[in-house]
Amino acid sequence: MKIVTWNVNSLKVRLPQVLEWLADNPDVTALCLQETKMEDVVFPKADIEAAGFHVVFAGQKTYNGVAIIARAALSDVVINIPGFIDHQVRLIAATMQGVRLVCAYIPNGQALDSEKYPYKLSWLAALTAFLKKEMVVYSKLALLGDYNIAPHDMDVHDPKKWEGQVLVSGPERAAFQALLDLGLTDSYRLFDQPEKTFSWWDYRGFGFRKNAGMRIDHILLTKELVPLCSACVIDKEPRRNERPSDHTPVIASLLI
DNA sequence: ATGGCATGTCGAACATGA
């Protein structure tokens with residue numbers, strides 16, 4: 001199976017691109033979306049099911065919102081982090097063919113002196129506590145999403161320019177490490193990768209053309225899944241579309 | 001140092017993203 005994360009930055013705008021991409025990638029089993037930016041009542045469930053997919057989703061107006069589109073059945077759906085009071089819809093989890101898929105849109109944080117920054121860190125702490133419990137139940141678990149964290153300087157086009165800023169700050173990277181310390185592994189770094197490979201590029205200033213990007217979208221795997229992972233790639237093609245999302249899909253292949 | 005582009009909001013300037 002292939003499992004994918006893609007921040008689409010509005011599913012209303014990007015639905016045709018999502019369906020086209022799925023048609024072009026028939027071996028993709030599950031696609032986790034972030035920033036759908038729509039309430040459940042207007043979610044295009046019928047369109048997605050008509051195209052032959054299963055789908056689970058949770059959203060809100062204007063901001064956030066997550067969904068999982070899959071070619072196989074999805075069960076045991078959880079929306080948001082249990083016990084963590086949150087007015088924003090940023091997480092959905094479901095089980096597909098024995099694999100627990102956790103789709104997360106981790107807060108951006110805006111800036112280190114913003115009130116959104118401590119929210120980001122508390123959200124990450126709650127996520128880590130939630131996953132610790134999930135991993136007891138589900139040995140085959142993948143955490144897919146927009147983490148809004150570039151784990152290492154090699155994941156940043158210009159580390160000096162970004163030094164100390166949001167997405168790369170020490171506490172954020174420590175929170176990423178805390179996820180790894182649960183026993184999770186960054187599937188992208190299981191394999192040799194080209195230098196300067198990113199999953200997001202700023203719309204402004206020809207960011208994509210200049211490859212001024214960041215690798216902030218990740219797929220972490222439990223120990224049970226690591227030996228089954230045969231590849232992890234970033235698909236830059238959709239970034240060349242007309243009206244692209246600023247993020248591109250990250251794809252992990254699993255021998256399941 | 002700032003804004004640059006894109007999206008969504010009840011109808012234009014603003015909030016947010018990363």
Side-chain angles (χ1 to χ4, degrees), chain A residues 5-18 32-44 57-67 86-91 103-124 127 144-176 188 196-219 234 236 238-250:
Chain A
T5 181
W6 189 7
N7 179 326
V8 289
N9 184 20
S10 168
L11 187 58
K12 185 182 174 188
V13 174
R14 235 68 69 184
L15 179 63
Q17 293 183 43
V18 168
C32 296
L33 303 178
Q34 302 87 36
E35 285 207 85
T36 55
K37 298 188 179 180
M38 50 174 60
E39 291 178 303
D40 293 348
V41 287
V42 296
F43 191 91
F57 52 90
Q60 62 185 100
K61 196 187 278 190
T62 311
Y63 302 118
N64 311 311
V66 283
D86 198 348
H87 301 294
Q88 306 185 19
V89 184
R90 293 181 170 275
L91 183 139
C103 170
Y105 176 45
I106 291 169
N108 171 279
Q110 195 169 64
L112 270 64
D113 59 357
S114 165
E115 72 280 355
K116 292 176 184 142
Y117 185 75
Y119 167 68
K120 179 179 192 172
L121 295 178
S122 63
W123 203 95
L124 280 157
L127 173 67
L144 311 95
D146 175 358
Y147 288 56
N148 273 309
I149 300 172
H152 300 287
D153 280 354
M154 72 171 97
D155 303 311
V156 182
H157 71 278
D158 187 346
K160 277 189 182 168
K161 182 178 166 185
W162 279 86
E163 191 173 3
Q165 295 198 59
V166 75
L167 311 193
V168 306
S169 73
E172 290 164 85
R173 286 180 167 172
F176 187 87
Y188 193 71
K196 309 259 180 200
T197 46
F198 307 122
S199 64
W200 168 86
W201 299 262
D202 202 312
Y203 283 123
R204 301 165 291 187
F206 303 104
F208 183 62
R209 202 179 300 179
K210 296 194 286 196
N211 197 31
M214 313 270 277
R215 192 176 70 93
I216 54 177
D217 301 271
H218 310 295
I219 301 174
I234 295 171
K236 284 164 70 169
R239 193 62 168 77
R240 299 187 176 97
N241 292 347
E242 261 187 63
R243 297 190 79 184
S245 169
D246 43 356
H247 297 251
T248 56
V250 181

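Below, chain A is the first sequence line, B the second, and so on; all start at residue 1.
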Nearest-angstrom distance, [atom1] atom, [N] to [M]:
| N | M | atom1 | result |
| --- | --- | --- | --- |
| B:dT7 | B:dA12 | C1' | 15 Å |
| B:dA13 | B:dT2 | P | 23 Å |
| B:dC14 | B:dA18 | P | 22 Å |
| B:dA6 | B:dA1 | C1' | 23 Å |
| B:dT16 | B:dC10 | P | 14 Å |
| B:dT9 | B:dG4 | P | 22 Å |

ask   = Looking at A:R90 and A:D146, does any basic side-chain N land under 4.0 Å from a carboxylate oxygen?
value =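 The answer is no: the pair does not qualify as a salt bridge.
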
key: For A:S114, side-chain hydrogen bond (donor to acceptor under 3.5 Å, both in side chains) partners two or more places apart   =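 Here the qualifying residues are A:Q110.
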
task = List for me each residue that meets side-chain hydrogen bond (donor to acceptor under 3.5 Å, both in side chains) alongside A:R14, sequence neighbours excluded, and say none if there are none.
result =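 Per chain and number, A:R14 pairs via side-chain hydrogen bond (donor to acceptor under 3.5 Å, both in side chains) with no residue.
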
task = Calculate the interatomic distance between A:N241 atom CG and B:dA6 atom P; express it in whole Å.
result =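 Roughly 14 Å, once rounded to whole Å.
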
Considering only distance and modelled atom types, tabulate donor-acceptor pairs under 3.5 Å from the side chains of residues 159-171 of chain A, sequence neighbours left out.
residue: A:Q165; atom: NE2; partner: A:K161; partner atom: O; Å: 2.8
residue: A:S169; atom: OG; partner: A:Y117; partner atom: OH; Å: 2.6
residue: A:S169; atom: OG; partner: A:E172; partner atom: OE2; Å: 2.4

inquiry  = Using a 4.0 Å heavy-atom cut-off to protein, can you give one letter per nucleotide of nucleotides 8-18 of chain B, 5' to 3': B if the base is in contact, S if only the sugar-phosphate is, - if neither?
reply    = SS-----BSBB

task = Mind checking ring-ring contact (aromatic ring centres under 6.0 Å, His included) for A:Y147 and listing every partner two or more places apart, or none if nothing turns up?
result =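 Expected list: A:F176, A:H218.
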
Donor-acceptor contacts under 3.5 Å from residues 202-212 of chain A side chains, at least two apart:
residue: A:D202; atom: OD1; partner: A:R204; partner atom: N; Å: 2.8
residue: A:D202; atom: OD1; partner: A:R204; partner atom: NE; Å: 2.9
residue: A:D202; atom: OD2; partner: A:R204; partner atom: NE; Å: 3.4
residue: A:D202; atom: OD2; partner: A:R204; partner atom: NH2; Å: 2.9
residue: A:Y203; atom: OH; partner: A:N9; partner atom: ND2; Å: 3.1
residue: A:Y203; atom: OH; partner: A:P244; partner atom: O; Å: 2.8
residue: A:Y203; atom: OH; partner: A:D246; partner atom: N; Å: 3.1
residue: A:K210; atom: NZ; partner: A:G205; partner atom: O; Å: 3.1
residue: A:N211; atom: OD1; partner: A:W201; partner atom: NE1; Å: 2.9
residue: A:N211; atom: ND2; partner: A:K196; partner atom: O; Å: 3.1

